[in-house]
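Note sheet for the following structure.
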Protein chains: 2
Amino acid sequence: MIQNGPFQLDEFIPYMLNRAAETTSLDFQKIYKDSYGMLRTEWRVLFHLGRYGDLTAKQICSMSDIHKTKVSRAVSKLERQRFLQRTEVPTDRRHEVLSLTKQGRSAFDHLQSEALKYNTTLLERFTEDEQVILRRCLTELSKNK
Amino acid sequence: MIQNGPFQLDEFIPYMLNRAAETTSLDFQKIYKDSYGMLRTEWRVLFHLGRYGDLTAKQICSMSDIHKTKVSRAVSKLERQRFLQRTEVPTDRRHEVLSLTKQGRSAFDHLQSEALKYNTTLLERFTEDEQVILRRCLTELSKNK
DNA sequence: CGTTGATAGTTACAAATGCAACAAATATCC
DNA sequence: GGATATTTGTTGCATTTGTAACTATCAACG
């Protein structure tokens, strides 16, 4: 009952990307969810702060393309759980610089090493050349033309 | 304030996959949302039926890894909008075979050609070899180990 | 100044989702 | 046959999300 034509659903790139993203994200989610009760957005905010240093919410939004309401809520929860703290910028009180607490830094260090391990298991199925191409394609596809 | 070490957040595969998936899915979503008021899951269910012919909800779940409650709700809405119809299987009345109506087939034909066009614009940035590798990687990464 | 417009971030409300419990039909095993 | 388990699909409820409206601060321009 397979239809004819050149197009195949299983080769539709947005669909393939979604499946791969869901499979790998849900898999890795177990780690930060079980260890720290974090949701995906919280993990990403933590990771941006750990990776790039202190940032404002706005900067995280721009870098990640996560919507500002999601970032706002993730920041609130991470603050409540003492993973980060806010500091008002005196020169412009609309901004708040976010920085990891000691506890947040420790969680990041742990999760970063877990992420590294997980990334390695994902990539070891591919050759070095394939890994380079995959990364290039994904970076390209993330750009909104 | 960039940290040291081999690992880079922007090379974390689940993160890169999610960004690429969101960018492309939201982009293509405009088409089926504006034309038919469909949500992502509804579009996917429609596409499975159009591509693979009549299926039960269970089969769609297995093929797509979409949760059965999401499929159940998408099927209800597609039925309400007359894009598909259910037929009880006499030999096993737990199953219901889903099939596209004339209207559902017409929507599928339209959206399939739009999807083909969109897919082409996504892939034309890459060489033939890169496309093959990308597809292989995504298929591989969709498997749960 | 003072009005207007832009920016950072929060919140209210409706919609979508995930989980667990559920109903109904069938399969299994004694 | 009959108790129990399994499968298919739906529903209730709590959580998460998206949109739009909102507050508060700053910028621009007369």
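Lettering follows sequence order; numbering is per chain, from 1. No experiment lies behind these values; they were computed from the predicted model shown.
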Subject >> Whole-Å distance separating the CG atom of B:Leu26 from the P atom of D:dT17 >> reply: 14 Å
Scan the side chains in residues 31-39 of chain B for donor-acceptor partners under 3.5 Å anywhere in the protein, sequence neighbours excluded, and list what turns up.
unit_1: B:Ser35; atom_1: OG; unit_2: B:Ile31; atom_2: O; d: 2.5
unit_1: B:Tyr36; atom_1: OH; unit_2: B:His110; atom_2: ND1; d: 2.7

Original post:
Tell me: CZ of B:Arg93 to P of D:dT10, nearest whole Å?
Top reply: 16 Å
Original post:
Given atom NZ of B:Lys70 and atom C1' of D:dG9, what is their separation to the nearest angstrom?
Top reply: 17 Å
Subject >> Which nucleotide in D:dT17, D:dT25, D:dT19 has an atom nearest any side-chain atom of A:His67 >> reply: D:dT19
Original post:
With a 6.0 Å cut-off on ring centres, are B:Phe12 and A:Phe28 close enough?
Top reply: yes
Subject >> Pairing residues for B:Arg19 by the salt bridge (charged side-chain N to carboxylate O under 4.0 Å, His left out) criterion, not counting sequence neighbours >> reply: A:Asp65
Original post:
Rounded to the Å, how far apart are B:Glu88 CD and C:dA24 C1'?
Top reply: 11 Å
Subject >> With sequence neighbours excluded, residues passing salt bridge (charged side-chain N to carboxylate O under 4.0 Å, His left out) with B:Lys117 >> reply: B:Glu114
Original post:
In chain order, what residues pass the salt bridge (charged side-chain N to carboxylate O under 4.0 Å, His left out) check against B:Arg93, with sequence neighbours excluded?
Top reply: none
Original post:
In whole angstroms, how far is the C1' atom of D:dT17 from the CZ atom of B:Arg40?
Top reply: 12 Å
Subject >> Other ILVMFWY residues reachable from B:Val132 by side-chain steps of under 4.5 Å >> reply: none
Original post:
If the sugar-phosphate is the primed atoms plus P, OP1 and OP2 and the base is the rest, what is the B/S/- string for nucleotides 6-11 of chain C, using protein heavy atoms under 4.0 Å?
Top reply: BBSBBB
